[in-house]
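Structure first, then comments.
Only this structure's heavy atoms are used, side chains among them; waters, hydrogens and symmetry mates stay out. Keep in mind that this is a model prediction, so the values were computed, not measured.
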Amino acid sequence: MKNLGIIFLSILICVFVIGCFCFDKNKSSNISSADYLRLHIRANSNNEDDQKVKYLVKSEVLNFINSDAQTFTSKITIENYFKEKEKTLENYINNVLLENGFGYISNITLTSEYFPTRTYNGVTLESGIYDAIIIKLGKAEGNNWWCVAYPPLCFMYESSNFGNITYKSKVLEIINKFFKR
């Protein structure tokens with residue numbers, strides 16, 4: 001009887017492994033570009049200093065947003081957040097630029113734009129029209145930094161409930177249960 005159980009378990013593991021390799025984890029037919037909200041910070045130029053300040057602004061923007069990130073329960077809540085905080089965030093970014101010796105300012109818009117296929121944290125976003133929060137620094141003619149604002153892949157949840165997630169494996173539970181008999 002124990003040999004039959006081992007054979008069953010081996011077949012179950014083989015089916016699981018084959019299933020993992022046969023399905024593309026990065027794509028889902030249920031998710032469209034309308035379900036995402038992108039965040040882009042466009043540098044003034046590709047000049048080394050402009051690129052460095054872009055990353056400084058990125059860090060400051062994420063710090064600014066982080067304290068409220070736990071309230072982002074839907075794409076609409078993030079869009080509303082940016083509409084409400086747009087001027088405050090622009091002033092915050094402009095202070096960062098000024099404190100670092102840059103004479104240009106920022107501009108934030110919530111818009112829909114065409115974007116090429118990109119992968120972020122293992123999630124592939126196919127090319128298409130996406131809603132996006134665009135933070136332009138100066139002329140915004142340089143390379144940009146981007147992430148996915150919704151679903152929230154680029155915000156830290158240190159102070160929220162997301163930090164207390166417990167991961168479980170059903171397959172491991174079945175295996176443990178089987179061998180405890």
Enumerate, atom names and distances included, each donor-acceptor pair closer than 3.5 Å involving a side-chain atom of residues 52-59, sequence neighbours excluded.
{"from": "K52", "atom 1": "NZ", "to": "E48", "atom 2": "OE2", "distance (Å)": "3.2"}
{"from": "K54", "atom 1": "NZ", "to": "Q51", "atom 2": "OE1", "distance (Å)": "2.6"}
{"from": "K54", "atom 1": "NZ", "to": "N143", "atom 2": "O", "distance (Å)": "3.4"}
{"from": "S59", "atom 1": "OG", "to": "Y55", "atom 2": "O", "distance (Å)": "3.3"}

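Put simply, the side chain of V148 does not reach to within 4.5 Å of the side chain of L39, judged on heavy atoms. With a 4.5 Å cut-off on side-chain heavy atoms, L125 and T117 do not count as touching. Looking at L110 and I134, their side chains never come closer than 4.5 Å, going by heavy atoms from C-beta outward.
With sequence neighbours left out, the side-chain contact (heavy atoms from CB on, under 4.5 Å) criterion links T71 to D68. Qualifying side-chain hydrogen bond (donor to acceptor under 3.5 Å, both in side chains) partners for S112, counting only residues two or more places apart in sequence or in other chains: D131. With sequence neighbours excluded, the residues forming a side-chain contact (heavy atoms from CB on, under 4.5 Å) with T73 are T77, listed by chain and number. Partners of E86 under the salt bridge (Lys or Arg N to Asp or Glu O under 4.0 Å) rule, at least two apart in sequence or in another chain, do not exist in this structure. Take E60 and apply the side-chain hydrogen bond (donor to acceptor under 3.5 Å, both in side chains) test, not counting sequence neighbours, and it matches Y92. With sequence neighbours excluded, the residues that form a side-chain contact (heavy atoms from CB on, under 4.5 Å) with D50 are N44, S45, N47, F102, Y104. The salt bridge (Lys or Arg N to Asp or Glu O under 4.0 Å) search around K136 returns none, not counting sequence neighbours. Under the side-chain hydrogen bond (donor to acceptor under 3.5 Å, both in side chains) criterion, N94 pairs with S106, sequence neighbours left out. Scanning for ring-ring contact (aromatic ring centres under 6.0 Å, His included) contacts around Y130 gives an empty result, with sequence neighbours left out.
Note that CG of N91 is 12.5 Å distant from NZ of K85, once rounded to the nearest 0.5 Å. Here NZ of K83 is found 14.0 Å from CD1 of I108. Values are rounded to the nearest 0.5 Å. If you take CD1 on I105 and CG on N107, they are separated by 7.5 Å, rounding to the nearest 0.5 Å. Rounded to the nearest 0.5 Å, atoms NZ (K75) and CG (N80) are 12.0 Å apart. Between the CG atom in D49 and the CG atom in N100 there is a gap of 10.0 Å [rounded to 0.5 Å]. Here the straight-line distance linking atom CD1 of I93 with atom CD1 of I41 works out to 6.5 Å at 0.5 Å rounding.
Think of I129 as one node in a network of Ile, Leu, Val, Met, Phe, Trp and Tyr side chains linked at under 4.5 Å; its network also takes in Y114.
Pairs engaging residues 106-118 under the salt bridge (Lys or Arg N to Asp or Glu O under 4.0 Å) rule: R42-E113 [sequence neighbours left out].
For E79 against L37, the heavy-atom pair with the smallest separation is CG-CD2, 3.9 Å.
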Let me see the working for V61 and V96 under side-chain contact (heavy atoms from CB on, under 4.5 Å), right down to the final yes or no.
-> CA-CA 10 Å; V61 166; V96 170; over 6 Å; no
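The aromatic ring centroids of Y150 and Y36 lie 6.0 Å or more from each other.
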